[in-house]
2 protein chains.
Amino acid sequence: MSILKKISAKLEVMAPADRQIGQFIVENPDQMLRLSSAALAAETGRSQSSVVKFSQKLGYAGYQELKLAVSEAKAQEWQAPAGMIHGTIEVDDGYLTILQKLLGSKLQAMQQTIAVNNEVDIGRALKALHEARRIHLAGVGASSLVARDFSYKLMKLGRIVLHDSDSHVQMANASTLGPDDLLFALSYSGASIETLRIAELASQRDATVIAVTGLQDNPLTRVADIRLYTVGDEDRVRSSAITARDAQLMLTDLLFILLVQRQPDAHDYVHNSEAAVSALKAKRLS
Amino acid sequence: MSILKKISAKLEVMAPADRQIGQFIVENPDQMLRLSSAALAAETGRSQSSVVKFSQKLGYAGYQELKLAVSEAKAQEWQAPAGMIHGTIEVDDGYLTILQKLLGSKLQAMQQTIAVNNEVDIGRALKALHEARRIHLAGVGASSLVARDFSYKLMKLGRIVLHDSDSHVQMANASTLGPDDLLFALSYSGASIETLRIAELASQRDATVIAVTGLQDNPLTRVADIRLYTVGDEDRVRSSAITARDAQLMLTDLLFILLVQRQPDAHDYVHNSEAAVSALKAKRLS
DNA sequence: TGTTGTTTGGAATTTTTTATTCCAACTGTT
DNA sequence: AACAGTTGGAATAAAAAATTCCAAACAACA
């Protein structure tokens with residue numbers, strides 16, 4: 001436990017002088033780090049020796065050591081935001097609590113998504129993406145945005161990629177798929193009827209189908225050749241599918257990075273792509 | 001830049017004594033934190049005064065301040081855990097290393113984005129989003145996807161929102177903005193000419209302008225009434241702007257959640273919206 | 001090769017900060 | 001009231017940090 005929390009917890013059972021000093025430190029740890037023991041004493045209206053004794057009662061050799069501990073605790077606090085409060089965001093949560101919960105939920109979604117996909121399946125997906133003649137991305141709603149993001153990245157690698165936000169167009173495109181082609185279907189529920197139909201069509205036409213869905217049993221996985229999973233918040237109404245999207249992005253980003261790795265000339269492609277966009281900006285600005 | 005890196009960089013152009021002291025600090029920052037100036041002098045075979053002077057040459061008031069800076073730097077470093085693991089992904093990294101680096105980069109981008117935006121500015125943005133008659137979202141390329149994601153969410157809250165991925169359409173729409181309207185402009189570089197022009201137009205027409213850009217000085221912030229910042233990886237070619245996008249999403253997600261909080265009937269809106277989509281699915285499936 | 005100005009870095013000193021000691025005041029107990 | 005045990009500040013000792021001062025090393029130049 002962080003020293004700041006430890007102090008907070010003990011605050012009530014402390015003697016008046018210690019409580020006052022402790023309270024100041026808990027409330028203004030940043031300031032405390034810049035104060036000498038005498039200055040801190042003045043700030044709290046106590047004596048310098050009391051400050052030193054306070055430090056020693058907490059188990060440190062002296063004030064300096066306490067400072068070091070506080071500094072470390074402040075760092076730590078950021079790192080694993082306060083117990084990484086996951087849990088639903090409530091109406092009366094303060095700003096900081098919301099921040100922590102949001103970050104915690106996102107992190108958890110990403111970590112769990114990593115955890116549920118084993119390296120073997122990722123590898124198979126990678127191989128399929130790498131060898132496909134043409135890659136078609138399917139997804140509606142929020143999943144469509146992830147699909148588009150992924151398509152931009154794949155294009156940067158020089159791959160032939162297709163995605164349209166209109167599911168009818170997606171369907172029309174899917175009808176042109178062949179055995180050497182790949183359908184990458186994204187749906188958190190795995191039950192979006194448009195995406196499902198497109199996947200079925202692609203499967204009939206012998207294209208390889210990769211499905212990225214949530215863990216629950218769903219029709220889309222049954223059509224797929226390769227199954228990848230995303231883990232998001234259950235309470236999708238409240239979180240408004242934020243974590244589901246983050247999980248999907250985590251997975252597609254991971255696939256992209258791994259693809260870059262196994263494609264020797266990837267860096268050139270990406271670089272050229274960025275350069276082209278930059279050139280566009282420069283030209284227009286002049 | 002972290003003080004440790006700053007020292008490393010200057011190491012060659014330093015005088016012998018300073019170099020020796022600097023080197024020790026860079027190599028053993030942990031140990032240095034527990035050493036007094038005299039002890040550090042002994043450790044490096046130099047004089048105590050040289051240690052103090054070294055600190056001052058770096059711009060600190062004295063050794064104590066340098067210590068504090070080093071402690072902070074170490075904290076920062078540790079935030080992207082131990083070599084974490086942030087750092088560029090290399091060609092010969094293993095699967096696990098890549099996972100860690102990717103997750104680390106994402107986490108860091110989100111944390112830093114939280115850190116650079118103070119609650120006051122967020123509050124102002126929130127108020128503007130809350131009171132605006134109409135909200136227009138501007139952004140091209142990857143930022144357009146974030147804008148669209150945000151627009152979907154705002155729509156769920158019953159707000160009047162406009163976004164089109166075509167920048168010409170965005171411009172046309174912006175020309176209809178008035179004093180009660182809001183332009184929310186996203187651009188990581190802050191220099192995308194299309195987004196900039198749209199923001200200028202909106203500003204001329206007296207609409208409130210919120211700019212979400214990277215930290216570097218850029219033209220877009222100069223047009224904006226409210227400035228929010230995102231922190232992403234510097235090496236955008238390699239990471240392919242993954243973290244920049246994550247940072248933008250972190251910010252928009254946060255704004256969304258906070259909006260939900262201050263809008264009493266938000267939950268109903270969101271619920272109805274989700275229900276409508278579900279109904280659509282169910283009907284089609286039957 | 002001397003002269004001069006500058007930089008470097010340590011010894012000595014002063015100042016500040018930290019840690020310890022000691023004692024008075026208070027608290028609760030018998 | 002007497003006692004033991006806390007509590008907390010004043011005074012002091014010890015340690016650490018910062019400044020001053022000066023000598024050696026170095027560089028530029030006549």
Side-chain angles (χ1 to χ4, degrees), chain A residues 3 6-73, chain B residues 3-4 6-74:
Chain A
I3 179 61
K6 217 177 271 176
I7 295 176
S8 287
K10 284 188 184 173
L11 226 50
E12 300 116 62
V13 296
M14 279 178 170
D18 287 342
R19 177 154 54 229
Q20 217 162 344
I21 294 167
Q23 193 159 1
F24 184 90
I25 295 175
V26 170
E27 286 169 8
N28 322 27
D30 274 310
Q31 214 176 322
M32 174 269 191
L33 288 174
R34 293 165 204 289
L35 258 40
S36 73
S37 61
L40 175 56
E43 205 72 40
T44 55
R46 293 292 164 165
S47 75
Q48 183 260 338
S49 64
S50 291
V51 172
V52 174
K53 282 176 195 165
F54 173 85
S55 313
Q56 292 169 335
K57 278 177 200 160
L58 286 169
Y60 299 98
Y63 181 61
Q64 304 240 55
E65 267 199 22
L66 174 66
K67 259 187 168 179
L68 227 58
V70 169
S71 162
E72 205 156 317
Chain B
I3 179 62
L4 291 176
K6 217 178 269 177
I7 295 176
S8 290
K10 285 189 184 173
L11 226 50
E12 300 116 61
V13 296
M14 279 178 171
D18 287 343
R19 177 156 52 233
Q20 215 162 347
I21 294 167
Q23 193 158 4
F24 183 90
I25 294 176
V26 169
E27 285 169 7
N28 322 36
D30 273 314
Q31 213 175 325
M32 175 269 192
L33 286 175
R34 293 166 202 288
L35 258 40
S36 71
S37 61
L40 175 56
E43 205 72 39
T44 54
R46 293 292 165 165
S47 75
Q48 183 257 338
S49 63
S50 291
V51 172
V52 175
K53 282 176 195 165
F54 174 84
S55 313
Q56 292 169 335
K57 279 178 200 160
L58 286 170
Y60 299 97
Y63 181 63
Q64 303 236 58
E65 267 200 21
L66 175 65
K67 257 187 167 179
L68 224 60
V70 169
S71 161
E72 206 157 315
K74 285 239 17 151

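The analysis underlying the following values was restricted to heavy atoms, covering all of them including side chains, and did not include hydrogens, waters or symmetry mates. Lettering follows sequence order; numbering is per chain, from 1.
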TODO: Show your working on side chain to side chain contact (heavy atoms under 4.5 Å, CB included) between Phe24(A) and Val51(A) and close with a plain yes or no.
DONE: CA-CA 11 Å; Phe24(A) 184 90; Val51(A) 172; over 6 Å; no

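- The structure places NZ of Lys53(A) at 10.0 Å from CD1 of Ile21(A), a figure rounded to the nearest 0.5 Å.
- Residue Gln64(B) contributes atom CD, which lies 13 Å from atom C1' of dT15(C) at whole-angstrom precision.
- Whole-Å rounding puts the Lys53(A) NZ to dT18(C) C1' distance at 13 Å.
- Between Arg34(A) atom CZ and Gln64(B) atom CD the span is 12.0 Å, to the nearest 0.5 Å.
- The nucleotide range of DNA chain D contacted by chain A, defined by atoms under 4.0 angstrom from heavy atoms of the protein and reported 5' to 3', is dT7(D) to dA10(D).
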TODO: Could you give me the CA-CA distance, side-chain angles and deciding distance for Phe54(B) and Leu40(B), then say whether side chain to side chain contact (heavy atoms under 4.5 Å, CB included) is met?
DONE: CA-CA 12 Å; Phe54(B) 174 84; Leu40(B) 175 56; over 6 Å; no

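- Comparing Ser47(A) and Ala39(B) along DNA chain D, the residue whose closest nucleotide (by nearest heavy atom) sits nearer the 5' end is Ser47(A).
- With rounding to the nearest 0.5 Å, the separation of NZ in Lys67(A) from OG in Ser55(A) is 10.5 Å.
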Can you pull every protein N or O that's under 3.5 Å from an N or O on nucleotides 6-8 of chain C?
none

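- Contact annotation: Ser37(A) side-chain N/O to dT18(C) OP1/OP2 distance is under 4.0 Å.
- Note: Leu58(B) CG to Ile25(B) CD1 = 7.5 Å, rounded to the nearest 0.5 Å.
- Residue Gln48(B) is classed as a base contact, given a heavy-atom separation below 4.0 Å to a base.
- Separation of atoms CZ (Arg46(A)) and OG (Ser37(A)) is listed at 15.5 Å; rounding is to 0.5 Å.
- Nucleotide dT20(C) holds its P atom 17 Å from the OH atom of Tyr60(A), rounded to whole Å.
- Note: Ile7(B) CD1 to Leu66(B) CG = 6.0 Å, rounded to the nearest 0.5 Å.
- Counting any heavy atom pair closer than 4.0 Å across all strands shown, Ser36(A) reaches sugar-phosphate atoms only and no base atom.
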